[in-house]
Amino acid sequence: MFSKIFFCLSLIGICKVSAAACNGNDALCSRKYSNITQIGAHDSAFVGDLPTENQNLDVTGQLNAGIRFLTAQTHSFLDEIYLCHTSCFEENSGVLVDYLTDIGTWMDSNPNEVVTLLLTNGDAIAVSMFADAYDGAGISKYTYTPPNQLALGDWPTLQDLISANTRLITFMGSLFVSRARSIALGLTKMIDYNSNTATVSYILEPSGSNGAGLMYIVNHFLDIDVLSTGILVPDKGSAPATNAATGTGSIGAHAGLCAQQHGANPNAVLLDFVDIGDAMTAQNNLNGL
Ligand SMILES: *[C@@H]1O[C@H](CO)[C@@H](O)[C@H](O)[C@H]1NC(C)=O
């Protein structure tokens, strides 16, 4: 009886949809992690209606919306790792372990999804403290640890990561050249494009690297200067155009410019307000899907 149902569903194509796709698409299973473009949520932990906040959806909502690349700023506060903007008195989204717990809960019920975290560590908090937060959130079991500093072609495919259940990749902003404990630090270069000018605003890379053949990330969000005070806040009003798949100033336009300069599409394009615009269409376009 079961096989009959399976057969019927196959005929109308349902089985294909419900089959174990990788990050939502069968075609991505055989692609190396280093050869996919992911739309990312910039400052994914700063959620709410205040002008300083970057996202409308909380991290679980971002994951449910298809976002698999999440960035967060970490700071040392009260002897713990907190998610704060510049200072914990300015914007404080609570402790890292709670945020990681939400991600882990989502990953538990979504076994075919590879999730990436880019954590900035401006306070140079010891990596062992991050490992404690990962342990506390129960997500250490999912972390991928590269065997060494990986060249572009050496990254596993999404299917490799899913099969091994090492589906959580962590990059750390200021420590990415070293590997420590269970936190995977595999990104060897981060080119941070300034969205406002579409020029490279800074490049972080291991000393001695010539930057060839490494993954790169693009910031694609606009800020506005509040009443010309020099205080920059996310430009929510322009997000529909900024986060569109195509058109002037869109994700597609910016990524295309970067691809011309770098010979490959960006590995991540970071957005504010991932629920505004058409992030998933842009991502599919960049992955040739
Ligand atoms: C993946 O490979 C294709 C074919 O070489 C290339 O066009 C594309 O830019 C690559 N994407 C990334 C993110 O490297």
Side-chain angles (χ1 to χ4, degrees), residues 21-42 44 62-63 66-71 112-118 144 146 148-162 166-173 176 184-195 198-206 209-221 242-247 250-271 274 277-289:
C22 302
N23 286 20
N25 199 306
D26 291 336
L28 294 177
C29 293
S30 60
R31 296 265 291 265
K32 286 183 198 292
Y33 178 84
S34 50
N35 183 237
I36 58 166
T37 297
Q38 305 196 73
I39 304 296
H42 169 243
S44 66
Q62 292 162 25
L63 288 163
I67 300 296
R68 300 286 177 269
F69 193 106
L70 307 162
T71 79
N112 295 311
E113 304 296 317
V114 176
V115 175
T116 302
L117 281 179
L118 169 58
Y144 172 68
N148 46 55
Q149 196 171 319
L150 296 175
L152 205 57
D154 294 341
W155 279 83
T157 63
L158 292 195
Q159 185 64 64
D160 292 337
L161 293 165
I162 291 165
T166 51
R167 302 180 283 119
L168 178 64
I169 300 198
T170 304
F171 299 121
M172 198 170 286
F176 52 82
L185 304 169
L187 184 75
T188 45
K189 183 182 186 183
M190 180 165 70
I191 299 176
D192 189 346
Y193 274 87
N194 178 325
S195 310
T199 54
V200 175
S201 53
Y202 59 96
I203 297 177
L204 303 170
E205 55 184 302
S209 163
N210 67 5
L214 303 169
M215 290 192 275
Y216 74 102
I217 289 174
V218 171
N219 272 345
H220 182 73
F221 42 82
T242 306
N243 295 356
T246 57
S250 66
I251 299 168
H254 192 183
L257 187 70
C258 300
Q260 273 175 23
Q261 293 180 17
H262 293 278
N265 286 329
N267 294 90
V269 180
L270 306 183
L271 306 185
V274 293
D278 206 353
M280 289 302 107
T281 300
Q283 182 173 280
N284 284 338
N285 290 347
L286 289 164
N287 284 320
L289 302 175

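We count ligands from 1, going down the list as the structure has it; atoms in each ligand are counted the same way.
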Within reach of ligand 1, part of Ala259 (heavy-atom separation under 4.0 Å): neither
Under 3.5 Å: N/O of Asn267 near N/O of ligand 1: no
Residue and atom name of the nearest protein heavy atom (relative to atom 9 (O) of ligand 1), distance in Å to one decimal: Asn265 N, 2.9 Å
Ala264 neighbourhood, listing ligand 1 atoms whose heavy-atom distance to it stays under 4.0 Å: 9 (O), 14 (O)
Sub-4.0 Å atoms of ligand 1 with respect to non-hydrogen atoms of Ser34: 14 (O)
Contact check, side chains of Val114 and Leu168, non-hydrogen atoms, under 4.5 Å: no
Sub-3.5 Å N/O-N/O distance, Arg31 and ligand 1: no
Per-residue contact class, Leu286 against ligand 1 - non-hydrogen pairs under 4.0 Å: neither
Phe221 and His42 aromatic ring geometry - parallel, tilted or perpendicular at 30°/60° bounds: parallel
Contact bool for atom 4 (C) of ligand 1 (protein heavy atom, d < 4.0 Å): no
Protein contact for atom 11 (N) of ligand 1 (heavy atom, distance under 4.0 Å): yes
Ile36 and Gln38, any side-chain heavy atoms less than 4.5 Å apart: yes
Side-chain donor or acceptor of Asp160 paired with backbone N/O of Thr157 under 3.5 Å: yes
Residues Ile39, Phe69; criterion side-chain contact (heavy atoms from CB on, under 4.5 Å); working and verdict: CA-CA 7 Å; Ile39 304 296; Phe69 193 106; over 6 Å; no
Check ion pair Glu113-Arg167 (N to O, under 4.0 angstrom): no
Side chain Asn287, main chain Thr37, donor-acceptor under 3.5 Å: yes
Atoms in ligand 1 flagged as close to Thr37, the criterion being non-hydrogen separation under 4.0 Å: 13 (C)
Residue Asn35 vicinity, atoms of ligand 1 by number, heavy atom under 4.0 Å: 1 (C), 2 (O), 3 (C), 8 (C), 10 (C), 11 (N), 12 (C), 13 (C), 14 (O)
side-chain hydrogen bond (donor to acceptor under 3.5 Å, both in side chains) between Thr281 and Asn284, intermediate numbers included: CA-CA 5 Å; Thr281 300; Asn284 284 338; 5.8 Å; no
Close-contact set for ligand 1 against Pro266 heavy atoms, below 4.0 Å: 13 (C)
